[in-house]
Amino acid sequence: MEACMKKWLMMLSVALVGLLSGCHVEKTAIVCGKEWNPALEVVADTASEFEMKDPFIVQFRYGQNFDFAKLKTTFFEGTLANRGPEIWTHEVAVSEKMGVYTLQGKSRRGGLMTARELSRKKEPGSIVIEVSGDGKVLATKQILLTKNR
């Protein structure tokens, strides 16, 4: 009887852990970083301040599968409170099997694009990154590009 009770409690605890782990939903976010882990396909959120020469990767994490067909990433000059003119836009078709999209590029000099190259900004200053899906703004993030030290 005691063995049967232990098995029942073990099955119950396994089911509860499975249920709780399935409920974890990552928050929608734009993550910017310098370090890319190709094995996990994830960028480490290192900071919101980058030197112009730093490697620069932008990753949009939706927290669930995309429920839209087009994902648009736009870079603006300025801040969240005072957004300036558009610098450039990148639009890509996505599928419902995706939940993360990474924007990165290869530099002409080799390696990952720098913050200057990816943002297409020639001078240091604040920029706003906005991600939208099918015309609806999903997330925004402000970062600061600084002079090389």
Would you check if [X] and [Y] make a side-chain contact, meaning some heavy-atom pair closer than 4.5 Å?
X      : Y      : answer
Lys72  : Thr89  : yes
Ile57  : Thr102 : yes
Ile143 : Ile129 : yes
Glu49  : Thr146 : yes
Phe56  : Val58  : yes

For Ser126, all residues meeting side-chain hydrogen bond (donor to acceptor under 3.5 Å, both in side chains), sequence neighbours excluded = none
Can you tell me how far [atom2] of [Y] sits from [atom1] of [X], rounded to the nearest 0.5 angstrom?
X      : Y      : atom1 : atom2 : answer
Tyr62  : Ile30  : OH    : CD1   : 13.0 Å
Phe75  : His90  : CZ    : NE2   : 9.5 Å
Arg116 : Leu145 : CZ    : CG    : 10.5 Å
Arg83  : Phe76  : CZ    : CZ    : 4.0 Å
Ser132 : Leu138 : OG    : CG    : 6.5 Å
Cys32  : Lys141 : SG    : NZ    : 4.5 Å

Joint hydrophobic cluster, Phe68 plus Val100, side-chain heavy atoms closer than 4.5 Å | no
Under 3.5 Å, is there a donor-acceptor pair between the side chain of [X] and the main chain of [Y]?
X      : Y      : value
Thr114 : Lys53  : no
Glu51  : Arg149 : yes
Glu35  : Ala44  : no
Asn148 : Met52  : yes

Between the side chains of Gln142 and Thr79, is a donor N or O closer than 3.5 angstrom to an acceptor N or O?
-> no
What are the two closest non-hydrogen atoms of [X] and [Y], and how far apart are they?
X      : Y      : answer
Leu112 : Glu117 : O-OE1, 4.5 Å
Gln64  : Asp67  : NE2-OD2, 3.9 Å
Leu80  : Val128 : N-CG2, 3.6 Å

Could you please spell out the steps behind the side chain to side chain contact (heavy atoms under 4.5 Å, CB included) verdict for Met113 and Lys106?
-> CA-CA 5 Å; Met113 278 186 164; Lys106 293 196 182 220; 5.9 Å; no
Ion pair present between [X] and [Y], side-chain N to carboxylate O less than 4.0 angstrom?
X      : Y      : value
Lys136 : Glu130 : no
Lys121 : Glu77  : yes
Asp134 : Lys70  : no

Check which hydrophobic residues are tied to Leu144 through side-chain heavy-atom contacts below 4.5 Å, counting indirect links as well, and list them.
-> none
Output side-chain donor-acceptor pairs under 3.5 Å for residues 91-98, partner residues at least two apart or in another chain, one line each.
from, atom 1, to, atom 2, distance (Å)
Ser95, OG, Lys97, N, 3.3

Within the 6.0 Å centroid threshold, strictly below: Tyr101 and Phe60 | no
